[in-house]
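Residue numbers start at 1 and run along the sequence shown. Treat the numbers as computed from the prediction; the structure is a model and nothing was measured.
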Amino acid sequence: MQPQVPLDVSGYVLAGGKSSRMGTDKTMLDLAGRPLVQRAVEKLRRVCTEVSISGNRPELEVYAPLVRDVHEECGPLGGFEAALLHSTRNWNLLMAVDMPFVPIEFLAAWTQWIIQQGNARVALFTVDGKPQPALCLLHREIAPFLTAAIGRSEVKLYPVLHGAAQELAVRFGADLSDVFWTRDWVENELEWSPSPEQQKTRHLWFANLNTPEEFAAAQAFAGSLEMD
């Protein structure tokens with residue numbers, strides 16, 4: 001069930017990409033009457049107490065407060081670092097701007113479940129065995145590891161998150177799998193199951209809309225979007 005009030009979690013829409021494969025700024029692409037950035041902000045506001053946009057373009061501030069990169073030209077890792085340094089909460093839900101189909105109640109149920117796992121510090125999903133860090137939950141304790149990696153010019157997101165979790169697992173005396181939570185979605189782990197309408201878009205929940213072709217394919221399912 002979706003919580004009656006937002007969780008004590010900070011939400012960040014990741015909108016710092018250059019949209020090179022799309023050929024235009026995808027944050028402002030209109031999907032069923034709303035730009036993607038607006039849809040992402042509205043979705044996170046249903047789950048998180050506070051929502052900001054991680055990015056450097058001032059025109060996005062009309063949708064939510066902007067959190068600029070501390071270290072520029074570091075790719076997604078720079079946005080992750082900026083979000084965690086900005087956050088005042090232990091847990092932070094980060095979501096790419098181009099994931100309009102992931103269900104709100106799913107995000108809420110997953111977030112609640114991860115927070116209850118005592119040693120968890122990084123949580124993300126895999127799709128067909130491939131990690132999908134564009135949607136993840138990060139604990140504030142990860143922040144110094146991101147800054148240190150940038151200082152070493154290590155900016156590949158997944159290896160940095162995995163390395164941070166390995167160090168924390170040693171510190172906690174815990175198994176890595178308890179600190180770094182990553183797996184395909186298993187429905188019976190969460191007190192939530194998708195509706196028939198949500199099942200129609202399940203192949204798009206973790207998909208990023210990176211190209212005009214992917215965006216056009218997503219438009220065919222616009223009638224299944226939430227908050228319309």
Side-chain angles (χ1 to χ4, degrees), residues 1-14 31-32 34 36-52 64 80 83 87 89-140 142 158 161 165 175 177-209 214 217-218 220-228:
M1 292 292 291
Q2 184 179 333
Q4 295 299 309
V5 295
L7 301 170
D8 187 25
V9 171
S10 292
Y12 293 91
V13 176
L14 303 170
L31 184 61
R34 291 193 189 98
L36 288 179
V37 65
Q38 182 180 348
R39 288 192 172 278
V41 167
E42 290 175 350
K43 189 182 295 284
L44 289 188
R45 281 180 174 156
R46 299 282 292 274
V47 179
C48 306
T49 297
E50 178 183 29
V51 176
S52 304
F80 276 52
S87 178
R89 293 177 173 82
N90 283 335
W91 278 102
N92 305 275
L93 176 58
L94 291 83
M95 184 180 75
V97 70
D98 59 348
M99 301 179 70
F101 290 97
V102 60
I104 293 168
E105 291 189 359
F106 168 78
L107 289 176
W110 176 55
T111 299
Q112 287 179 313
W113 192 86
I114 291 297
I115 290 174
Q116 293 167 2
Q117 312 309 305
N119 286 324
R121 292 298 182 269
V122 179
L124 53 90
F125 287 93
T126 58
V127 176
D128 298 326
K130 184 178 180 180
Q132 304 293 318
L135 174 66
C136 69
L137 280 160
L138 297 181
H139 194 279
R140 288 178 70 190
I142 294 294
Y158 182 83
L161 294 177
D175 290 337
S177 60
D178 292 332
V179 179
F180 189 83
W181 188 99
T182 177
R183 66 191 75 176
D184 290 329
W185 173 55
V186 179
E187 186 169 337
N188 61 10
E189 284 188 332
L190 305 179
E191 294 183 3
W192 176 82
S193 58
S195 68
E197 195 68 21
Q198 290 165 335
Q199 285 280 22
K200 294 178 184 178
T201 63
R202 185 167 173 173
H203 65 291
L204 292 170
W205 289 2
F206 304 107
N208 297 109
L209 307 182
E214 289 169 348
F221 293 89
S224 298
L225 286 164
E226 297 174 298
M227 301 180 297
D228 283 327

Do [X] and [Y] make a side-chain contact, defined as non-hydrogen atoms from C-beta onward lying under 4.5 Å apart?
X	Y	result
V102	K43	yes
Q112	W192	no
W91	L7	no
L137	W181	no
V51	Y12	no

Residues which pass side-chain hydrogen bond (donor to acceptor under 3.5 Å, both in side chains) with [X], listed by chain and number, not counting sequence neighbours:
X	value
E50	R89
T201	W205
N92	S87

* ring-ring contact (aromatic ring centres under 6.0 Å, His included) against F80, all qualifying residues, sequence neighbours excluded ->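 Listed in chain order: nothing, the list is empty.
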* Any residue meeting ring-ring contact (aromatic ring centres under 6.0 Å, His included) with F221, in chain and number order, not counting sequence neighbours ->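 Once residues adjacent in sequence are excluded, the partners of F221 under the ring-ring contact (aromatic ring centres under 6.0 Å, His included) criterion are H203.
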Indicate the atoms forming the closest heavy-atom contact of [X] with [Y], along with that distance.
X	Y	answer
V47	T111	CG1-OG1, 4.4 Å
A165	V179	O-CG1, 3.7 Å
S193	Q198	O-OE1, 4.4 Å
C48	V9	CB-O, 3.2 Å
G223	E197	O-OE2, 4.1 Å
R39	L31	NE-O, 2.9 Å

* E226 side chain vs I104 backbone, donor-acceptor pair below 3.5 Å ->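 At least one qualifying donor-acceptor pair exists.
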* **Candidate pair Y158 and F180, rule ring pair (Phe, Tyr, Trp, His ring centres under 6.0 Å), full reasoning** => CA-CA 11 Å; Y158 182 83; F180 189 83; 5.6 Å; yes
Sequence-distant partners of [X], side-chain contact (heavy atoms from CB on, under 4.5 Å), two or more places apart:
X	result
A96	D98, M99, A134, N208
A207	L204
Q38	R34, P35, E42, Y63

What's the separation between atom [atom1] in [X] and atom [atom2] in [Y], rounded to the nearest 0.5 Å?
X	Y	atom1	atom2	result
I115	L93	CD1	CG	9.5 Å
L14	C136	CG	SG	7.5 Å
H139	N90	NE2	CG	4.0 Å

Could you list the donor-acceptor pairs under 3.5 angstrom formed between side-chain atoms of residues 117-126 and any protein atom two or more places apart in sequence or on another chain?
{"residue": "Q117", "atom": "NE2", "partner": "W113", "partner atom": "O", "Å": "2.8"}
{"residue": "R121", "atom": "NE", "partner": "E141", "partner atom": "OE1", "Å": "3.2"}
{"residue": "R121", "atom": "NH1", "partner": "G118", "partner atom": "O", "Å": "3.3"}
{"residue": "T126", "atom": "OG1", "partner": "D184", "partner atom": "N", "Å": "3.1"}
{"residue": "T126", "atom": "OG1", "partner": "D184", "partner atom": "OD1", "Å": "2.8"}

* Scan for salt bridge (charged side-chain N to carboxylate O under 4.0 Å, His left out) pairs involving residues 123-138, sequence neighbours excluded, and state none if there are none. => none
